[in-house]
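What follows is a set of notes on a single structure, which appears directly below.
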Amino acid sequence: MRLNPEQDSAVKYVNGPCLVLAGAGSGKTRVIINKITHLIEQHGYSAKHIAAVTFTNKAAKEMRERIASSMDKSKIKGLRISTFHTLGLDVIKKEIKTLGFKQNFSLFDDQDCFSLLKELTEPELKEDKESIYQLINRISSWKNDLILPKQAMAEATDSENALYSELYMRYQNQLRAYNALDFDDLILIPTLLFKNNDEVRARWQDKIRYLLVDEYQDTNTSQYELVKSLVGKRAHFTVVGDDDQSIYSWRGARPQNLVLLSKDFPNLNLIKLEQNYRSVGCVLHAANVLIDKNPHVFDKKLKTNMEYGEPIRIIQTKNEDNEAERVIAEIIGHRFTNKTNYGDYAILYRGNHQARIFEKMLTSNRIPYKISGGTSFFSRAEIKDIMAYLRLLVNQDDDNAFLRIINTPRRQIGPATLEKLGLLSNDRHCSLFEAAFDNAFLGMINGPSKSAIQYFTRWFVELSDQVLRSDPKEAVKDLMKGIHYEDWLFETSSSPKAAEMRMKNVSELYSWVTQMLDGDDEHEPLTLAEVVSKLTLRDMMERNEEEEANNQVQLMTMHASKGLEYPYVFMVGMEEGLLPHQSSIDEDNIEEERRLAYVGITRAQQRLFLTYAKERRQYGETIMTEPSRFIEELDQKDLRWEKLGQVVPEAVRKEKNKANIANLRALLKK
DNA sequence: GAAATGTGTAGTAAC
DNA sequence: TACACATTTC
């Protein structure tokens, strides 16, 4: 497809700073892809000197796939396409000596940070979950604003901030002691490093000679500083963004960075893309009407040349079970009449928990589906256990990991032993693992606990030695064998079937790990430490399902859907309290929710379905709901309401039956 | 020290 | 409802 004049000028402007204000569906990814190609083919850039940064792994993956299909593989070798966090991780890894960190650090995810802070704040905040969350957020925004503990303490004006900044300091120290970093550090540390070290900055400026940033409206202060450091005075960069799609302010995103850019780079070339190539008229019109209710920084109006299309269907159902049933019936029926693929359908929701019921329904109808994002896989206990083992294998100072697995599976090391160990590690200012070798500690305990912990720690030292010196893959295998995890699963699971399910998850993780350790034609082999941090960032290569993808119904949050498009989109749970989310209503932050709805709507190419349930179960009780205000804000002439009591169209029912019979036949054949 | 039973609370979103 | 966490019993 040819580029329009605006897209073309965005691609061809390469010798200075460039801001592309790109409305939804205006082909911004195409601009990025073409620009990378253009830089390589017309301007002699080598792929390894170009970096493109996105915000989600899904977007990065999408971009990698698209560039791979548009260019010769050999030409894009070394091209960096990653999330900000992965880029930060790469910098830290490469500059580990300059930074003075130990070789193998752990990456703490939100939950690790939570449990660390819980321990840390025991005296001050007690069991108060609420304030721990508050503290986490405060620390995160300090980090995103490049404010270090000392500065936070100095600037604290009230007692609360004094306490929080003090705890921030302790938190940082504790992370250091664990040899661990949190996600915000992945941005903060490189940013500060570049700021303070001219030599390193120059080296990276030479490494990354052209930078492209997607979804620029999602950058926070620290990320913007990182961008500025990397591009330097040369300012060879392109950022693409849309303030109407700013949906990450809770992560510290500053859409004002779009405006700041023209102040920091007076010669900024600003290009607007207003031609939409994605959606039919009625979908685009609905989106425009909705977003018009929000204030705007930049004026822009999206146009489309596509036909007006069929009206948006608003489907009311009795409850969430019926909602899922109904959506799936629609998909089955629609696919049957239109000879489409399952991959043409996306189900978008506000919160990850909403996926469960759809998953159940899809499974029982034997419809292939793919849930992306969410934490479900990694929040499973068995996966957390194995991850903790791997983390400890990489970094024995990681007390969080140590505590999680030291007695899982059971090995006679209980609270009493651990308390003594904890006391000693406090005394000696060392990790629990190290303290376990201390004679003072060993003198305090006896019997089975003593030999158990000695056996365990010695074995682990051997294993980690094997990781570093010889064969990490073999070490992981030995680890898996040595912990007899399968036995433990069968012992503790409610049923053998459940145990098998969990073991399947473990094998899945194991096969990812070995694949990543091995590498393949497109991926370098990684160290175990790299594998573990990639897994923590959910930045793993997804293989083997490339082909299936177009035959799987796509399920994801609206956040995760940004940048993607599907012929048929279902936005489910369109209810007050869900979208807009209750907490956003409480905090009077409707605008961001409206942008989120806007993002969801603009994913649809052909047809859009909005569904809501009249009642919904919540914490075991059933509550009545109200349709989302965003439905009412749309232009009613674009909508076709289908309230309860109206019969499911005969055709749909027939097709569902047919499909079910076909499924049954297929099943019987097997 | 481990298993069984009771109690309270409810993760917005993603790296 | 469903799950993590605390308490009790073996």
Side-chain angles (χ1 to χ4, degrees), chain A residues 53-60 82-89 107-111 113-115 118 127 129-130 132-133 136-137 140 143-144 181-188 215 218-220 222-223 246-253 320 348-357 372-376 378-381 384 407-418 445 447-449 452 491-492 494 533-540 556-562 573 577-587 589 592-593 595-596 599-600 616-623:
Chain A
V53 183
T54 65
F55 281 81
T56 61
N57 289 310
K58 202 163 172 50
S82 70
T83 62
F84 259 105
H85 289 85
T86 298
L87 175 64
L89 179 65
L107 248 190
F108 273 22
D109 67 15
D110 298 354
Q111 287 186 30
C113 297
F114 185 90
S115 54
K118 203 174 155 193
E127 296 278 296
K129 257 187 174 175
E130 197 63 21
I132 297 179
Y133 278 121
I136 286 185
N137 289 332
S140 179
K143 288 191 174 186
N144 289 331
L181 303 177
D182 66 19
F183 284 154
D184 294 321
D185 286 336
L186 294 182
I187 314 292
L188 176 74
E215 310 286 7
D218 294 333
T219 50
N220 60 38
S222 160
Q223 285 160 335
S246 157
I247 52 175
Y248 285 102
S249 71
W250 50 274
R251 229 168 90 180
E320 72 269 33
L348 308 182
Y349 35 80
R350 176 64 230 261
N352 280 307
H353 65 276
Q354 287 170 267
R356 272 185 77 163
I357 192 151
S372 13
T375 45
S376 56
F378 283 90
S379 65
R380 290 169 188 279
K384 285 204 234 164
N407 206 28
T408 305
R410 304 256 130 87
R411 44 175 82 84
Q412 323 289 331
I413 301 167
T417 310
L418 287 177
I445 55 167
S449 297
E491 257 170 58
T492 52
S494 51
S533 44
K534 291 230 168 220
L535 286 169
T536 310
L537 284 174
R538 312 287 133 84
D539 178 23
M540 50 273 204
M556 71 197 83
T557 64
M558 292 177 201
H559 280 89
S561 76
K562 190 156 63 135
L578 266 179
L579 181 71
H581 194 272
Q582 189 57 47
S583 46
S584 299
I585 298 174
D586 296 342
E587 288 159 31
N589 188 16
E592 179 143 319
E593 296 288 305
R595 289 193 291 269
L596 187 57
V599 166
R616 190 172 285 272
R617 263 199 313 276
Q618 203 173 44
Y619 312 138
E621 57 175 356
T622 304
I623 54 158

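To find a chain, count down the sequence lines: A is the first, B the second, and so on, and within it residues start at 1.
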* Asked: For A/H581 and A/S583, does a side-chain donor sit closer than 3.5 Å to a side-chain acceptor?
  -> yes
* Qualifying residues under side-chain hydrogen bond (donor to acceptor under 3.5 Å, both in side chains), relative to A/E593, sequence neighbours excluded -> A/R350, A/S584
Kindly indicate whether the side chain of [X], heavy atoms from C-beta on, has any atom under 4.5 Å from the side chain of [Y].
{"X": "A/E592", "Y": "A/W250", "answer": "yes"}
{"X": "A/Q354", "Y": "A/T557", "answer": "no"}
{"X": "A/F108", "Y": "A/T536", "answer": "no"}
{"X": "A/Y248", "Y": "A/N220", "answer": "no"}
{"X": "A/T622", "Y": "A/R616", "answer": "no"}
{"X": "A/L107", "Y": "A/L537", "answer": "yes"}
{"X": "A/T56", "Y": "A/K562", "answer": "no"}
{"X": "A/M558", "Y": "A/L579", "answer": "yes"}

* To do: Report the relative orientation of the aromatic rings in A/H85 and A/F183; use parallel for angles under 30°, tilted for 30 to 60°, perpendicular for over 60°.
  => perpendicular
Polar atom pairs (N or O), protein with nucleotides 5-7 of chain B, under 3.5 Å:
none

Please give, in whole Å, the distance from [N] [atom2] to [X] [atom1]?
{"X": "A/Q111", "N": "B/dA10", "atom1": "CD", "atom2": "P", "result": "15 Å"}
{"X": "A/Q582", "N": "B/dA10", "atom1": "CD", "atom2": "P", "result": "15 Å"}
{"X": "A/I132", "N": "B/dA10", "atom1": "CD1", "atom2": "P", "result": "12 Å"}
{"X": "A/N137", "N": "B/dG11", "atom1": "CG", "atom2": "P", "result": "14 Å"}
{"X": "A/K118", "N": "B/dT9", "atom1": "NZ", "atom2": "C1'", "result": "12 Å"}

Mind listing the N/O atom pairs, protein and nucleotides 8-10 of chain C, below 3.5 Å?
none

Protein-nucleotides 2-4 of chain B N/O pairs under 3.5 Å:
residue : atom : partner : partner atom : Å
B/dA2   : OP1  : A/Q412  : N            : 3.3
B/dA2   : OP2  : A/N407  : ND2          : 3.1
B/dA3   : OP2  : A/R410  : NH1          : 2.1

* Asked: Is there a donor-acceptor pair closer than 3.5 Å between any side-chain N or O of A/D218 and the backbone N or O of A/A253?
  -> no
* Where the side chain of A/Q223 meets the backbone of A/I187, is there a donor-acceptor pair that is under 3.5 Å apart? -> no
* To do: Before giving the answer on side chain to side chain contact (heavy atoms under 4.5 Å, CB included), spell out for A/L578 and A/Y349 the whole-Å C-alpha distance, their side-chain angles and the decisive distance to 0.1 Å.
  => CA-CA 9 Å; A/L578 266 179; A/Y349 35 80; over 6 Å; no
* To do: Apply side chain to side chain contact (heavy atoms under 4.5 Å, CB included) to A/E491 and A/R410, showing your working.
  => CA-CA 11 Å; A/E491 257 170 58; A/R410 304 256 130 87; 5.8 Å; no
Give each protein N/O atom lying under 3.5 Å from an N/O atom of nucleotides 13-15 of chain B, with the pair distance.
residue : atom : partner : partner atom : Å
B/dA13  : OP1  : A/N352  : N            : 3.1
B/dA13  : OP1  : A/N352  : ND2          : 3.4
B/dA13  : N3   : A/W250  : NE1          : 3.2
B/dA13  : N3   : A/R350  : NH2          : 2.7
B/dA14  : OP1  : A/T557  : OG1          : 3.1
B/dA14  : OP2  : A/N352  : ND2          : 3.1
B/dA14  : O4'  : A/R251  : NH1          : 3.3
B/dC15  : OP1  : A/N57   : N            : 3.1
B/dC15  : O3'  : A/T83   : OG1          : 3.2
B/dC15  : O3'  : A/H85   : ND1          : 3.2
B/dC15  : O2   : A/H85   : NE2          : 3.3
B/dC15  : N4   : A/D110  : OD1          : 3.0
B/dC15  : N4   : A/D110  : OD2          : 2.5

Give me the distances for all protein-to-nucleotides 2-4 of chain C N/O pairs that come in under 3.5 Å?
none

